[in-house]
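Reviewing the structure listed below.
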Protein chains: 2
Amino acid sequence: MARRRKAVTIKHVAADAGVSLQTVSRVINNEANVRPQMRERVQQSIDRLGYIPSIAAQRMSGSRSYLILALNDRERTIEDWRARQGSDWVDQMLLGGMLKCAEYGYRLIFELVDTHNDHVERELKAAIAALQPDGVILTPPHSDNRLITSLLSAHNIPFAQIGSEGAGGGIPLIMGDHDAARLATQHLIDLGHSRIGFITGSSEYLLSDWRTAGWQAAMDAAGLPVDGLSEQGDFTYQSGTAAAEHLLDRNPCVTAILASNDQMALATLELARQRGLRVPEDLSIISFDNTPAVLHAQPPMTAIDQPVAATTSRAVELIIASKRGEQLPDGPTIVPAQLIERGSTARPAKVSA
Amino acid sequence: MARRRKAVTIKHVAADAGVSLQTVSRVINNEANVRPQMRERVQQSIDRLGYIPSIAAQRMSGSRSYLILALNDRERTIEDWRARQGSDWVDQMLLGGMLKCAEYGYRLIFELVDTHNDHVERELKAAIAALQPDGVILTPPHSDNRLITSLLSAHNIPFAQIGSEGAGGGIPLIMGDHDAARLATQHLIDLGHSRIGFITGSSEYLLSDWRTAGWQAAMDAAGLPVDGLSEQGDFTYQSGTAAAEHLLDRNPCVTAILASNDQMALATLELARQRGLRVPEDLSIISFDNTPAVLHAQPPMTAIDQPVAATTSRAVELIIASKRGEQLPDGPTIVPAQLIERGSTARPAKVSA
DNA sequence: TTGAAAGCGCTAACAC
DNA sequence: GTGTTAGCGCTTTCAA
């Protein structure tokens, strides 16, 4: 393999502009103590030569690598990927994060780590040592993993905790779970439903509780009972089927169900079909997350959109702001989720008990 | 911001093992000229201290950055991403490539560049200068962009060309388009179809021609006519609708249609529904790519799976092999595509003319 | 406000 | 087979 072609370095720019390396460095990094005229001259040389700093060299001397690490759960991510059921979490994260990174001259690197495993620490340490990222984005269920958060804190690496209230010292971001569940429930109430069932998510995820609480808040505010209307699920299709079965068996008068994710909502839809219940006439269904799968369901599903891209994008901004020593928001940053109305919700055909 | 915590460097390992830096370096890189016993001793120090080389430092001195760049078309990728229709190309690329990279200690970085734009060169140069990647993965429509391929050649960076026959000096990989189209057509012929329509893809993509040729080859081999059975599409849903309309108007006796991608196949399905044609009884449909959208169609669509993950994975392997000076395959590497049988294909109800 | 010198962690080239 | 030296491209520190 021939040697890499000689690239334009800071030296070439310095020579071209007739200044010291240091002055060029100051211009690149937008530092103070450069006269406008000098800055202008250097910038012209940079443009003329098409100079771009090497991030490897920048990292070697300085404190920035211009790399942000996005961590996801290995098992779950690979599973979704293999299944090809249309879960686009990673896709949305990548693009939301990547585009924002690009604005600031950063790059996003994805890494998978095992959650239920003592390798976490070793894996994360290795990634940190190899890449020395300027920041890390944690997603559930890693967001509140003390092993991870304390390791990052010890290394002084700013990190975002998506779907976390912020225990652990990172930058917490929440995808509007509570409000979205509340509004979705309210939407059903406005349509005339009063017996509204809820299928919860896995208790391993904090957001499961928030979603449940949002449903409950809306029900309480409307003075509607919730007893026996909540059923435990774990985000899998199977658990959705089981939960929906129990729910409908116990409460024949249920006219609407809010499921804590798309898979469980799709399972509910299928069960309704099997039981001869028309959707939405006999049963309204709202799903959480709005992955592409629910778009193609029959009928297309009314869903709460999980703003994964917007949240990742915001996480990148906050990490970079933190790096720059800027003031960060006090509490968790809440990125609002929206309700997308489609065909799986309508006024109830029968009046519920 | 406090200074980054002191990390374990090659010096610590050298001191711990009582050898020179160079010997440690040799062990890390699995080079020759280290006695097994010495290698063992150094390895123990590495393990004990939890040493991981800094890729920034490795890049600074050596010739490897352990970074591979995956390039996609900006416009198309952002469009798909925003649409959230379930195109999982990026997702499959990322995971297929990332996991393979991880096996070799590499990382994959995604970058979007404009195709129809004189910025291509500037953008790519910037990415190369900043990251100095060890390899680049090109996807259509970049794969045969001379501006890009010549730039990479000039920089001596090995690059994979997915969906290309290899003009430009890179490593060509093909996702079995020709054979897959042939086999899918054959499958329809075996079912008893003889009037089999084909909707082509955009001529901007070489693979469009391969897919068309595969259909034609199967038809020819079976002695079936193809006149008037091919209609031009451009991969959009709209073009699929138009093409299917023409096809069915001109050939009422068509009993099966093979569409060059999923969106056009879905458009064909919808048109069939509007015209009161039952699928698959009156019209069999096979789609190309097998993105998640076709899974949820009614009926679920028989599709040719595009092996994006496997191809990206292979691309990474070949790039790394090339870096190591290993012998590469002669012609294009063909990653076979498979036919996934679902509900949109069956024996024709009527006998075609 | 600018420049010179030192050094980040590692590998290439060469000496032993 | 192993160690020494020089230097990658940049920023930090300190001097001017």
Side-chain angles (χ1 to χ4, degrees), chain A residues 1-42 46 49 51-67 105 128-132 134 323, chain B residues 1-42 45-46 49-67 105 128-132 134 323:
Chain A
M1 189 63 38
R3 179 181 309 287
R4 190 181 299 277
R5 204 170 82 166
K6 247 196 177 60
V8 179
T9 72
I10 198 172
K11 271 191 189 160
H12 300 112
V13 177
D16 186 81
V19 298
S20 72
L21 303 187
Q22 192 40 39
T23 302
V24 179
S25 175
R26 288 191 180 107
V27 172
I28 296 165
N29 295 293
N30 242 315
E31 278 170 24
N33 295 335
V34 185
R35 254 194 294 260
Q37 172 196 352
M38 178 111 283
R39 187 180 293 279
E40 177 64 19
R41 175 144 61 98
V42 172
I46 289 176
L49 300 177
Y51 167 70
I52 302 279
S54 151
I55 68 164
Q58 290 189 119
R59 157 60 217 147
M60 281 299 291
S61 41
S63 50
R64 279 150 309 161
S65 63
Y66 293 101
L67 258 26
I128 291 173
L131 298 170
Q132 284 142 307
D134 284 347
K323 256 292 193 200
Chain B
M1 190 63 37
R3 180 180 310 288
R4 191 180 298 278
R5 203 170 84 166
K6 244 193 180 59
V8 179
T9 74
I10 198 171
K11 270 191 191 160
H12 300 112
V13 177
D16 186 80
V19 299
S20 72
L21 303 186
Q22 192 47 36
T23 301
V24 179
S25 175
R26 287 191 181 106
V27 172
I28 296 165
N29 296 293
N30 242 314
E31 278 170 24
N33 295 334
V34 185
R35 253 195 296 258
Q37 171 197 353
M38 178 110 284
R39 187 179 294 278
E40 177 63 19
R41 175 144 61 99
V42 172
S45 291
I46 290 175
L49 300 177
Y51 167 70
I52 302 280
S54 150
I55 68 163
Q58 290 188 118
R59 157 56 219 150
M60 282 300 290
S61 44
S63 49
R64 279 151 308 161
S65 64
Y66 292 101
L67 258 25
I128 291 174
L131 299 171
Q132 284 140 309
D134 283 348
K323 256 293 193 198

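Lettering of chains follows the sequences in order, A, B, ..., and the numbering in each one begins at 1.
With a 4.5 Å cut-off on side-chain heavy atoms, L67(A) and Q132(A) do not count as touching. Side chains of Q58(B) and Y66(B) form a contact here, defined as non-hydrogen atoms less than 4.5 Å apart. At a threshold of 4.5 Å between non-hydrogen side-chain atoms, the residues V42(B) and R39(B) do not count as touching. Contact check for D16(A) versus Y51(A): no side-chain heavy atoms found under the 4.5 Å cut-off. In this structure, the side chains of I10(A) and P53(A) stay at 4.5 Å or more apart for every pair of heavy atoms. Side-chain contact between Q37(A) and E40(A) is absent, with no heavy-atom pair separated by less than 4.5 Å. At a threshold of 4.5 Å between non-hydrogen side-chain atoms, the residues R64(A) and N29(A) count as touching.
Closest contact between the side chain of R35(B) and the listed nucleotides dG9(C), dG1(D), dT11(D) involves dG1(D). Of the candidate nucleotides dT11(D), dT2(D), dA12(C), dT11(D) has the atom lying nearest to any side-chain atom of L21(A). Listed nucleotides: dC8(C), dT2(D), dA13(C). Nearest to the side chain of M60(A): dC8(C).
Taking both residues in full, the closest heavy atoms of I52(B) and A129(A) are given as CB-CB, 3.6 Å, listed atom of the first, atom of the second, then distance.
Rotation axes derived from the C1' atoms of the five outermost pairs at either end of the helix from dT1(C)-dA16(D) to dC16(C)-dG1(D) lie 30° apart, to the nearest 10°.
Using a 4.0 Å cut-off, some side-chain N or O of T23(B) falls inside it from OP1 or OP2 of dG3(D). Applying the 4.0 Å criterion to OP1 and OP2 of dC10(D), one finds that Y51(A) has a side-chain N or O inside that range. The phosphate of dC10(D) has neither OP1 nor OP2 within less than 4.0 Å of any side-chain N or O from S25(A). Phosphate contact (OP1/OP2 of dC10(C), side-chain N/O of S54(B), threshold under 4.0 Å): absent. Side-chain nitrogen and oxygen atoms of R26(A) include none within less than 4.0 Å of the OP1 or OP2 phosphate oxygen of dT2(C).
Contacts of Q58(B) with the nucleic acid, taken as non-hydrogen atoms under 4.0 Å apart, involve only primed sugar atoms and P, OP1 or OP2. Within the 4.0 angstrom heavy-atom criterion, no nucleotide atom of any strand lies near V24(B).
Residue R64(B) contributes atom CZ, which lies 11 Å from atom C1' of dA12(C) at whole-angstrom precision. N33(A) places its CG atom 16 Å from the P atom of dT11(D), with the value rounded to the nearest Å. For the pair E40(B) CD and dT2(D) P, the interatomic distance rounds to 14 Å; values are reported in whole Å. Rounded to whole Å, atom C1' of dT11(D) lies 8 Å from atom CG of N29(A). We find that CD of Q22(B) is positioned 16 Å from P of dG7(D), with the value rounded to whole Å. Here the P atom of nucleotide dG9(C) and the CD1 atom of I55(B) are 15 Å apart, to the nearest Å. Between the P atom of dG9(D) and the NE2 atom of H12(A) lies a distance of 8 Å, rounded to the nearest Å. The separation between R41(B) atom CZ and dT2(D) atom C1' is 11 Å, rounded to whole Å.
No hydrogens or angles were tested; on distance alone, nothing pairs the side chain of S61(B) with the base of dC8(D) as donor and acceptor under 3.5 Å. The base of dG9(C) has none of its N or O atoms less than 3.5 Å from a complementary donor or acceptor on the side chain of R59(A).
Between G62(B) and S20(B), the residue anchored nearer the 5' end of DNA chain D, judged by the nucleotide with its closest heavy atom, is S20(B). Mapping A56(A) and P36(B) onto DNA chain D by nearest heavy atom places P36(B) closer to the 5' end of the strand.
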